[in-house]
Protein chains: 4
Amino acid sequence: MEVVEFRPTREQYRYTFGGAEPVAVIDPGTALRLWTEDAFGGRIRRHGDLFTAVVGDLPVNPQTGPFHVRGAEPGDTLVLHIAALSPARDWGASCAIPGFGGLTSTGRTATLQDPLPERTWIYSVDRARGTVGFSALATDFTVDLPLAPMLGTVGVAPAQGEVRTSMAADAFGGNMDSPEVRAGTTCYLGVNVPGALFSVGDGHYRQGEGESCGTAVEGAMAVTLIVDLVKGHAPAWPRLESDDALAVIGSARPLEDAWRISQVDMVHWLADLHRLDLMDAYQLLSQTARTPLANVVDTNYSCVTKVDKALLPRVEVHEGVHDTLRLLAATV
Amino acid sequence: MEVVEFRPTREQYRYTFGGAEPVAVIDPGTALRLWTEDAFGGRIRRHGDLFTAVVGDLPVNPQTGPFHVRGAEPGDTLVLHIAALSPARDWGASCAIPGFGGLTSTGRTATLQDPLPERTWIYSVDRARGTVGFSALATDFTVDLPLAPMLGTVGVAPAQGEVRTSMAADAFGGNMDSPEVRAGTTCYLGVNVPGALFSVGDGHYRQGEGESCGTAVEGAMAVTLIVDLVKGHAPAWPRLESDDALAVIGSARPLEDAWRISQVDMVHWLADLHRLDLMDAYQLLSQTARTPLANVVDTNYSCVTKVDKALLPRVEVHEGVHDTLRLLAATV
Amino acid sequence: MEVVEFRPTREQYRYTFGGAEPVAVIDPGTALRLWTEDAFGGRIRRHGDLFTAVVGDLPVNPQTGPFHVRGAEPGDTLVLHIAALSPARDWGASCAIPGFGGLTSTGRTATLQDPLPERTWIYSVDRARGTVGFSALATDFTVDLPLAPMLGTVGVAPAQGEVRTSMAADAFGGNMDSPEVRAGTTCYLGVNVPGALFSVGDGHYRQGEGESCGTAVEGAMAVTLIVDLVKGHAPAWPRLESDDALAVIGSARPLEDAWRISQVDMVHWLADLHRLDLMDAYQLLSQTARTPLANVVDTNYSCVTKVDKALLPRVEVHEGVHDTLRLLAATV
Amino acid sequence: MEVVEFRPTREQYRYTFGGAEPVAVIDPGTALRLWTEDAFGGRIRRHGDLFTAVVGDLPVNPQTGPFHVRGAEPGDTLVLHIAALSPARDWGASCAIPGFGGLTSTGRTATLQDPLPERTWIYSVDRARGTVGFSALATDFTVDLPLAPMLGTVGVAPAQGEVRTSMAADAFGGNMDSPEVRAGTTCYLGVNVPGALFSVGDGHYRQGEGESCGTAVEGAMAVTLIVDLVKGHAPAWPRLESDDALAVIGSARPLEDAWRISQVDMVHWLADLHRLDLMDAYQLLSQTARTPLANVVDTNYSCVTKVDKALLPRVEVHEGVHDTLRLLAATV
């Protein structure tokens with residue numbers, strides 16, 4: 001397996017899905033060893049580094065990529081297996097940013113109230129113990145939480161010639177901020193442009209479902225991906241496969257529409273995989289779905305519908321590509 | 001511990017929260033052995049029993065209760081520990097009902113489209129193996145799913161003299177349809193009227209998060225509750241405690257408001273329990289929340305915000321009443 | 001025409017739709033001369049009267065009624081023609097109430113922000129000039145706005161034995177807060193219980209569409225209604241008819257569902273009146289609808305879909321009952 | 001005044017906001033005489049021309065432009081006065097498109113139901129009488145409706161390097177589909193990129209508020225604009241001024257967020273114009289707002305908040321630029 005390493009220079013980061021020249025052209029079957037910068041461009045390093053002062057209007061969510069996958073055509077399925085995610089720094093940062101987040105009014109859920117106060121929390125990473133340490137700012141409360149690395153953004157170039165900022169999530173993936181996008185997961189993304197032009201970024205050392213305050217434990221990440229391609233079969237919305245589950249991520253507002261998207265696509269997926277009538281698949285999903293929210297803070301909210309493999313008869317997705325890549329990942 | 005048994009006659013079922021005379025007056029510390037009828041009033045027993053023909057305009061979600069808890073005053077906290085839930089029949093039923101459910105237009109998310117076809121699925125219960133058996137209607141697909149009993153409705157009489165149908169969920173609890181309401185869980189509900197006047201019903205032998213089609217594996221249930229009372233401290237929204245987690249259930253539309261309610265109340269709860277500043281509690285929740293959806297089908301949608309106890313320093317809620325009742329439950 | 005006068009004593013006000021004994025039994029064809037108290041129970045009279053201090057937890061939106069209409073049965077159509085609305089005081093009051101309103105977070109659109117400051121504005125009524133006078137609190141800005149009296153609440157007892165506070169709006173009408181409910185308008189409400197048990201209240205001397213801050217220019221009102229009854233034909237949602245337009249009011253959250261309800265019902269109404277296919281009625285509505293928002297602040301939001309009579313061929317609704325009552329109104 | 005005429009060739013149409021080279025560079029003060037193609041690219045001409053057959057996956061909403069305005073810099077205010085809109089064909093078309101529209105499920109408000117049937121209605125334009133003629137498809141119902149020309153799309157290049165399809169509406173304007181964008185209206189748009197790069201299109205001969213079925217009476221349009229520039233003062237969201245009213249258009253989902261955006265911006269605008277405290281402006285808006293919905297069908301819904309000039313003391317916006325352009329318009 002060919003292994004390509006890429007650590008962007010500061011100038012090489014991209015802040016959009018679509019609209020950027022590829023940083024490399026790779027073949028399906030390539031492994032990528034990447035470095036992703038954190039959402040803040042690495043600028044927030046201390047409690048005193050407030051977002052509006054240190055980042056302000058600079059773009060956020062720097063993307064590593066885009067990569068052009070040779071042979072990928074619109075209608076194909078890009079397969080990204082996340083082989084490994086490893087924190088690349090020994091600290092992570094999270095911020096309360098005025099006018100951003102789930103428990104505050106924003107530019108869209110607009111009110112006349114004063115914004116919440118601005119805050120920055122720095123978490124210490126203890127790789128040996130596998131923890132990130134939270135310290136309260138106003139009291140001496142501290143707690144160590146388990147490391148749970150994930151990627152906030154994974155996306156391809158959008159359809160119809162659109163260019164979207166790396167804050168956006170939609171059918172092309174993007175800033176979905178789902179804890180399900182972790183090592184061991186295979187992502188299936190519909191290809192919209194020749195070469196797919198995918199990128200990743202926005203590593204989180206840990207995040208709660210919903211990403212309430214708008215930021216996770218943001219941190220630079222060492223990312224190992226294996227890239228593959230299935231001709232045709234483009235899913236309408238991002239689909240995930242792990243050893244344990246199948247999942248679909250819908251992104252929309254209001255939140256019930258994100259849920260509906262992920263549910264309807266899962267009904268179709270179950271119907272396809274198990275040769276079920278749609279009403280039977282609907283019923284089966286009704287009794288088996290799990291629905292971990294991804295984010296309720298970004299331009300579109302993202303909701304996951306997930307079905308445990310253990311509950312259903314064993315079936316192969318795309319001829320077992322997840323299992324194949326899972327094994328390959330052990331060899332990278 | 002006093003144990004009160006109550007199996008309603010058909011005439012004794014109630015179909016509202018509020019507005020009904022109590023079926024019994026009990027003291028805090030009483031155990032209740034109850035029988036709850038299924039959401040359909042036990043009328044749907046075969047694949048051919050379609051909802052509109054067999055239930056039609058009859059009321060649904062029959063409630064067992066209400067019970068008057070001696071000494072409960074507005075502002076108090078009703079404590080309901082679910083000691084045991086056991087399927088009371090060897091079959092359960094689920095229906096696709098025209099104009100009802102999450103993946104169809106409804107009377108509120110109104111469209112001009114034809115409704116989905118009406119369907120009934122009957123599940124067989126295998127207590128020994130702990131499964132409910134699903135059989136597709138259109139194909140010969142079958143699968144056994146784990147039994148996972150829960151109560152769809154648990155609620156007190158609403159505030160302000162309101163009477164709500166047993167289909168409604170709001171601050172008083174009600175038809176929240178959350179799989180978190182299972183045996184081993186303690187529910188904390190704010191008391192609105194003297195005696196609290198709580199009732200339970202709508203047992204589900206199993207339900208996916210979101211209750212996509214609008215009905216779970218509905219079944220009559222043998223319910224064992226221990227009832228207790230904490231003076232004062234009424235939570236604004238239903239709170240849950242299990243051995244593993246604390247949770248809040250918010251019910252509203254759109255779904256993000258149900259989420260916001262459950263999140264804001266959890267921020268306040270964490271702040272109270274761990275003597276945290278609200279911004280610190282917001283940050284802590286952002287990295288620890290789990291958010292299993294309850295239902296996205298009822299008049300109000302219900303969302304759970306849940307924090308695992310294992311992640312945080314040990315604290316007692318209401319002087320450890322959950323642990324006390326958990327031990328008591330073993331003796332009933 | 002029989003004319004019944006009724007001015008409630010303070011004890012006679014009701015604060016719910018449903019759940020109250022009728023204050024009078026009247027025959028269809030009766031005219032009612034009523035006095036409605038303002039939403040605050042007349043307690044807010046000066047700039048210094050802040051809501052939380054003067055009203056606090058007392059119930060709001062006192063209802064005049066309910067009236068039992070002889071012969072009204074479930075499935076019938078209650079016809080309320082608003083013959084006249086006249087301000088009963090020479091001042092009106094509007095408040096910014098913490099945690100209530102459209103441009104603030106609330107108990108449902110919950111955030112962690114501080115509430116907006118509390119304020120009370122007193123408007124002076126000049127009947128001769130037909131104005132209400134606004135005076136800014138922080139500057140010396142003043143302006144006279146046209147009087148435009150309307151009723152915030154008009155509703156019948158809900159279906160299914162529910163009792164709802166006079167803050168609620170739903171299919172039974174209630175606290176819809178629509179400026180369309182003005183003198184010259186006929187309201188059609190579906191009857192849910194014998195006698196209909198309707199009530200009115202919450203007079204507004206003037207209100208913008210949406211009722212942004214949550215309160216209009218609230219004022220006691222002299223109300224003249226003519227009550228009639230159409231057997232059968234109960235509309236699913238409140239319908240209005242004026243000399244100029246037909247309208248439907250939908251109440252739900254999110255706001256698009258309130259809109260969808262009002263639109264779908266109007267499609268059906270147009271199809272019935274003009275013997276149109278649903279798709280043709282949908283198209284016709286698409287090019288003719290007007291959509292003045294009623295409120296975006298109450299438990300349910302309310303949206304009006306309105307079609308100008310002048311645009312369409314002349315048809316009679318319920319055999320021209322509006323025109324008949326309009327003429328009768330001139331004689332009261 | 002310089003007058004520039006531009007009628008695009010088929011190849012010159014653009015289908016995005018942002019991402020396209022300007023078709024011309026113009027100076028502030030220039031009048032533009034433009035021809036805009038209809039939303040369907042002029043392809044739907046008969047009842048038998050169904051959207052999926054005749055348009056299918058081809059891009060829609062062809063834009064005339066973009067125009068580079070000399071001197072326009074980010075942070076400036078682009079001023080577009082619509083001097084005249086005149087139907088350029090003697091027929092218009094409207095379609096029911098499967099999976100698109102307000103009273104159907106869509107790709108986002110996703111359900112499992114069958115789509116509504118596909119339909120095309122052709123309207124005849126009678127310039128002399130000022131009408132468009134509707135003919136029902138299923139019955140012989142016909143009606144002539146008043147011509148009311150408007151532009152569905154008017155927008156500048158988005159911020160942050162985004163490129164959005166001409167179906168999108170957001171802070172940059174775009175596919176807002178508001179009947180308020182008619183002749184005599186001045187649009188104020190915040191400039192995001194050097195030259196502003198604005199375009200217009202999607203003429204409607206008539207549209208109801210909300211654009212229920214997703215399409216108006218779509219038609220090619222002769223458009224006369226006068227372009228001007230105010231340095232600085234970029235509004236956050238599109239603002240409109242006519243002889244009669246000030247308005248703001250917010251675009252978001254759910255619909256209440258579109259409303260909140262337009263309301264909050266109007267509160268700030270009123271506060272600026274009349275030197276009001278925000279709470280006083282909030283109160284004043286509460287009693288004066290009108291809220292004609294623009295669309296409840298596009299990716300973002302659009303809501304207008306509008307205040308009649310006649311209600312408030314006379315003030316000048318941007319030193320009376322609207323009045324100036326209005327007079328100039330008479331001379332073009």
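The model shown is predicted, which means the values in this text are computed figures rather than measured ones. Labels below follow one simple rule: chain letters A, B, ... track the order of the sequence lines, proteins then strands, and each chain is numbered from 1.
Between A:Met279 and B:Trp121 the shortest heavy-atom distance is O-CZ2, 3.3 Å.
Note that the CD atom of B:Glu209 and the NZ atom of A:Lys306 stand 9.5 Å from one another [nearest 0.5 Å]. A:Cys213 contributes atom SG, which lies 10.0 Å from atom CD of B:Gln263 (distance to the nearest 0.5 angstrom). Taking CD of A:Gln283 as the reference point, atom OG of B:Ser135 lies at 11.0 Å (rounded to 0.5 Å).
With chain A as the partner, the residue from B:Asp257, B:Asp280, B:Leu255, B:Thr139 showing the most heavy-atom pairs under 4.5 Å is B:Asp280. Counting heavy-atom pairs closer than 4.5 Å to chain A, the top residue among B:Ala281, B:Ala96, B:Pro179, B:Pro313 is B:Pro313. Interface remark: of the candidates B:Val296, B:Thr109, B:Thr215, B:Thr288, B:Val296 forms the most heavy-atom pairs closer than 4.5 Å to chain A. Across B:Leu311, B:Asp277, B:Thr291, the residue that shares the most heavy-atom pairs under 4.5 angstrom with chain A is B:Thr291. Contact count versus chain A (heavy atoms, under 4.5 Å) is highest, among B:Trp259, B:Tyr301, B:Tyr123, for B:Trp259. Interface check for chain A: of the options B:Leu116, B:Leu276, B:Leu284, the most heavy-atom pairs under 4.5 Å are formed by B:Leu284.
Only the side chain of B:Arg119 comes within contact range of chain A, with at least one heavy atom under 4.5 Å from a heavy atom of that chain. For B:Pro117, the parts lying near chain A are the backbone and the side chain together; criterion is any non-hydrogen pair under 4.5 Å. Residue B:Val267 touches chain A through its side chain alone, counting heavy-atom pairs closer than 4.5 Å. Proximity to chain B involves both the backbone and the side chain of A:Val264, based on heavy atoms less than 4.5 angstrom apart. In this structure, chain B has heavy atoms under 4.5 Å from both the backbone and the side chain of A:Leu137. Proximity to chain A (any heavy atom under 4.5 Å) is restricted, for B:Val143, to the side chain, taken from C-beta onward. Proximity to chain B is absent for every atom of A:Thr305, based on heavy atoms less than 4.5 angstrom apart. If you measure heavy-atom distances from A:Arg275 to chain B, the contacts under 4.5 Å come from the backbone alone.
Residues passing the salt bridge (Lys or Arg N to Asp or Glu O under 4.0 Å) test with B:Asp126 are B:Arg129, sequence neighbours excluded.
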Begin with the C-alpha distance, continue with both residues' side-chain angles, and end with the deciding distance and a verdict on side-chain contact (heavy atoms from CB on, under 4.5 Å) for B:Gln287 and A:Glu211.
CA-CA 7 Å; B:Gln287 315 312 345; A:Glu211 203 186 16; 5.9 Å; no

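Annotation: side chain of B:Tyr282 is in contact with side chain of A:Leu103 (closest heavy-atom distance under 4.5 Å).
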